[in-house]
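Worksheet: the structure to be examined is printed underneath.
Each residue takes its place number in the sequence, starting with 1. Small disclaimer: the values here were computed from a predicted structure and weren't measured.
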Amino acid sequence: GDILDMELKFTFTDLKLYKKYQEASDFDETGVARIPGWNYVDIDWSQMKEGENEPVVTYQVPDVCFVIDVSGSMDSFSDLSMLTEEEKTIYQSIIDEADWFWSEGGYMEADDLYYEAREYAISCGARTRLQIVQDGAQNLISNLLDKYPNMKISLVTFESNVNTVIEFSSDKETIIEKIKGLKTGNMTRLGDGIKRGTDILAKSSNTNRVLVSLTDGLSNEGCEPNDAIDIAKNNGIKTISILTDGASKDQVSKSDKFYEVSGADGSLFDVFVKEVFGDIQESIQAKYNIYREESGSSSYDKIQEGVSD
């Protein structure tokens, strides 16, 4: 694998050396250093001398808010390659008829035919962008909560309206059921969706927060997405944007990270379960408090007396 994916593990057997390392760390009073090109350093305390007092290790797991596009276009197909030529012909004939009714003002008839075309394609093995996102998000959240059971997850959807589906929850079954139940609407209020997610995360006392947004189109109502991203970043929130098919990266150019990906099944699914999973893991900060408090005084203070020179 890529050497940048490796993890460094230091073994400290000397408290003076640890103190020097701690002073050089990017984070005061922690055992975590941010070294360019490497992941957070892990520390193996198993051989630490003065071992009567065990180290206390706490991980600052982020609160994560997912902001998902459920506009009408998310009900479309990015990939029909699994259909046979005959199936594609039947599907397209239904779409052509729906388009004709729409052009003539027969909107109800057109909507019925579009729905018929959608159901036919799904019966042939096609999957809408929303269905792929639902699968990817379920897999990602399941993996995160299996590894970090206390992680708090929020879910916001946007179309003509912005909806808070889940404010904060660590209940995997509840979150997955909510994701399965997502339905599409009309317009694309991406900026307002990001702003709602920021409002939710800003309520948390956790200083480690990540907002993941996904859209397949241009924001056409509400505040500008980049303005909303500025607000999130000003609140100390890490922003990750996923753009699929017709979405423009210019509207989320201020994101800390963004992914442009095809709405086809494998590509869109993988960005959730591989890339975003890795990004969230990278945001986890480990804090090391070497010695627990004892009655009357701190063991850490006692040790510091011995390494003050």
Side-chain angles (χ1 to χ4, degrees), residues 66-143 155 157-160 163 165 175-190 193 212-220 241-249 258-277:
F66 293 91
V67 179
I68 304 297
D69 186 348
V70 291
S71 61
S73 58
M74 289 293 290
D75 220 15
S76 301
F77 303 100
S78 298
D79 183 14
L80 293 173
S81 62
M82 68 291 298
L83 274 63
T84 66
E85 290 305 313
E86 181 181 0
E87 289 168 342
K88 289 178 184 177
T89 299
I90 294 171
Y91 170 79
Q92 190 58 51
S93 68
I94 303 172
I95 292 293
D96 290 343
E97 187 177 0
D99 289 345
W100 182 85
F101 272 107
W102 188 270
S103 68
E104 295 295 316
Y107 303 123
M108 292 183 63
E109 294 89 343
D111 284 343
D112 288 343
L113 286 166
Y114 286 134
Y115 180 78
E116 180 184 337
R118 175 188 181 276
E119 292 302 299
Y120 176 75
I122 290 173
S123 72
C124 297
R127 302 170 77 245
T128 67
R129 286 194 281 274
L130 180 57
Q131 287 176 319
I132 298 168
V133 168
Q134 287 170 309
D135 286 350
Q138 289 174 62
N139 191 291
L140 168 62
I141 289 168
S142 180
N143 289 339
L155 178 62
T157 61
F158 61 90
E159 30 98 20
S160 296
N163 300 297
V165 182
I175 298 169
I176 287 176
E177 284 305 309
K178 292 290 188 182
I179 292 172
K180 287 180 178 178
L182 296 181
K183 305 293 183 184
T184 55
N186 295 305
M187 307 300 284
T188 307
R189 303 181 72 100
L190 172 59
V212 181
S213 65
L214 176 139
T215 187
D216 72 339
L218 294 172
S219 185
N220 49 28
S241 296
I242 305 171
L243 307 162
T244 182
D245 295 329
S248 167
K249 67 180 181 182
F258 58 83
Y259 297 97
E260 292 181 282
V261 61
S262 164
D265 198 337
S267 302
L268 186 51
F269 181 86
D270 285 351
V271 80
F272 273 99
V273 300
K274 295 179 181 178
E275 307 300 338
V276 176
F277 181 79

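The nearest pair of heavy atoms linking Ala126 to Leu83 is CB-CD1, 3.9 Å. Taking all atoms of both residues into account, the shortest heavy-atom contact from Phe269 to Ile132 is N-CG2, 3.9 Å. Residues Ser213 and Ser241 approach most closely at OG-OG, 3.4 Å, considering heavy atoms.
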Original post:
Step by step, would you call Val212 with Ile242 a side-chain contact (heavy atoms from CB on, under 4.5 Å)?
Top reply: CA-CA 8 Å; Val212 181; Ile242 305 171; 4.1 Å; yes

Original post:
Would Phe77 and Arg118 count as a side-chain contact (heavy atoms from CB on, under 4.5 Å) if you check the C-alpha gap in whole Å, the side-chain angles of each, and the deciding distance to 0.1 Å?
Top reply: CA-CA 9 Å; Phe77 303 100; Arg118 175 188 181 276; 4.1 Å; yes

Subject >> Audit row: Tyr259, Thr244, side-chain contact (heavy atoms from CB on, under 4.5 Å) steps and yes/no >> reply: CA-CA 8 Å; Tyr259 297 97; Thr244 182; over 6 Å; no

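You'll find the side chain of Phe272 reaches within 4.5 Å of the side chain of Val133, heavy atoms only. Between Met82 and Cys124, every side-chain heavy-atom pair lies at or beyond the 4.5 Å cut-off. Taking 4.5 Å as the limit, some side-chain heavy atom of Ile122 sits within range of a side-chain heavy atom of Gln131. In this structure, the side chains of Phe158 and Thr215 come closer than 4.5 Å at one or more pairs of heavy atoms. Using a 4.5 Å cut-off on side-chain heavy atoms (C-beta onward), Thr188 and Leu218 make no contact.
Residue Phe66 forms a side-chain contact (heavy atoms from CB on, under 4.5 Å) with just one option from Leu214, Ile175, Leu140, Ile179, and that option is Leu140.
In this structure a side-chain-to-backbone donor-acceptor pair under 3.5 Å is present from Gln138 to Gln134. Although no hydrogens or angles enter the test, the distance criterion places a donor-acceptor pair under 3.5 Å between the side chain of Asp69 and the main chain of Asp216.
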Which donor-acceptor pairs under 3.5 Å do the side chains of residues 86-98 make with protein atoms, sequence neighbours left out?
from  : atom 1 : to    : atom 2 : distance (Å)
Glu87 : OE1    : Thr84 : N      : 2.8
Glu87 : OE1    : Thr84 : OG1    : 3.4
Thr89 : OG1    : Glu85 : O      : 2.9
Gln92 : NE2    : Asp96 : OD1    : 2.9
Ser93 : OG     : Ile90 : O      : 2.6

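Residues passing the salt bridge (Lys or Arg N to Asp or Glu O under 4.0 Å) test with Lys180 are Glu177, sequence neighbours excluded.
Atom-to-atom distance recorded for Ser71:OG and Met187:CE is 9.0 Å, nearest 0.5 angstrom. Interatomic distance, OG1 of Thr157 versus NZ of Lys183, reported as 12.5 Å (0.5 Å rounding). Of the inter-residue distances, the one linking Ser262 atom OG with Arg129 atom CZ reads 9.0 Å to the nearest 0.5 angstrom. Between atom CG of residue Asn139 and atom NZ of residue Lys274 there is a gap of 11.0 Å, rounded to the nearest 0.5 Å.
A ring-ring contact (aromatic ring centres under 6.0 Å, His included) check over residues 108-137, counting only residues at least two apart or in different chains, returns nothing.
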